[in-house]
Amino acid sequence: DRHFAQVTPQIQRCVTTASAYAEIPAGSLKFKLRVLPSGKVESVTLNAPASLRVWGIPSCSRRAVFDHRFPAFDGPAMAVSFGVDIQ
């Protein structure tokens, strides 16, 4: 949770930047990612309503998650899901 809290402000900046072009309605961004034992994010999938798939929000948000480094761990790669509510 602590690491998702570190990524959330970057995702919100993506939305804030997009809001300079048009009003952005509330909604939820749902992420699924695969984290390697090194802590590197291997892949990110984003599910978002059509109202949030504008002005680069999806690509910017995926990049914010992809660039985050999680702590290294022992064991196989793991799948993780989390969401960010946009108000």
Side-chain angles (χ1 to χ4, degrees):
D1 287 343
R2 187 173 67 233
H3 281 274
F4 296 128
Q6 292 173 358
V7 175
T8 299
Q10 295 172 8
I11 294 167
Q12 289 171 336
R13 276 194 291 278
C14 296
V15 176
T16 299
T17 299
S19 71
Y21 300 101
E23 187 172 329
I24 304 298
S28 294
L29 301 173
K30 307 284 186 194
F31 296 88
K32 290 183 181 178
L33 52 145
R34 184 170 168 85
V35 181
L36 299 173
S38 65
K40 182 179 182 337
V41 175
E42 180 180 48
S43 63
V44 179
T45 302
L46 172 63
N47 186 355
S51 60
L52 292 176
R53 291 192 309 255
V54 296
W55 306 111
I57 292 173
S59 59
C60 180
S61 298
R62 276 194 309 269
R63 173 60 62 189
V65 174
F66 187 78
D67 288 346
H68 186 76
R69 189 64 171 229
F70 290 88
F73 57 91
D74 292 329
M78 68 172 88
V80 180
S81 297
F82 80 102
V84 175
D85 291 328
I86 305 301
Q87 302 295 329

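Atoms considered below: every heavy atom in the structure, side chains included; atoms not considered: hydrogens, waters and symmetry mates.
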- Message: Please determine whether residues Leu36 and Phe4 belong to a single hydrophobic cluster, defined as Ile, Leu, Val, Met, Phe, Trp and Tyr linked transitively by side-chain heavy-atom distances below 4.5 Å.
- Response: no
Hey, what do you get for [atom1] ([X]) to [atom2] ([Y]), rounding to the nearest 0.5 Å?
X     : Y     : atom1 : atom2 : result
Leu46 : Leu33 : CG    : CG    : 11.0 Å
Ile11 : Arg63 : CD1   : CZ    : 13.5 Å
Gln12 : Gln87 : CD    : CD    : 9.0 Å
His3  : His68 : NE2   : NE2   : 5.0 Å
Ile57 : Ile24 : CD1   : CD1   : 4.0 Å

At their closest point, which heavy atom of [X] faces which heavy atom of [Y], and how far apart are they?
X     : Y     : answer
Ser28 : Pro49 : O-CD, 3.2 Å
Gly75 : Pro37 : O-CG, 3.0 Å
Ser61 : Leu29 : OG-CD1, 3.9 Å
Phe66 : Ser43 : CE1-N, 4.5 Å
Arg62 : Phe31 : N-CE2, 4.4 Å

- Give the ring-plane orientation class for Tyr21 versus Trp55, where under 30° counts as parallel, over 60° as perpendicular and anything between as tilted.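 Geometry flag for Trp55 against Tyr21: parallel rings.
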- Message: If you apply the rule side chain to side chain contact (heavy atoms under 4.5 Å, CB included), what do you find for Phe70 with Val80, and how did you get there?
- Response: CA-CA 11 Å; Phe70 290 88; Val80 180; over 6 Å; no
- Quick one: salt bridge (charged side-chain N to carboxylate O under 4.0 Å, His left out) pairs with a partner in residues 15-41, sequence neighbours left out? Arg34-Glu42
- Item | Polar side-chain atom of Arg53 near backbone of Ala48 as donor-acceptor pair, under 3.5 Å | yes
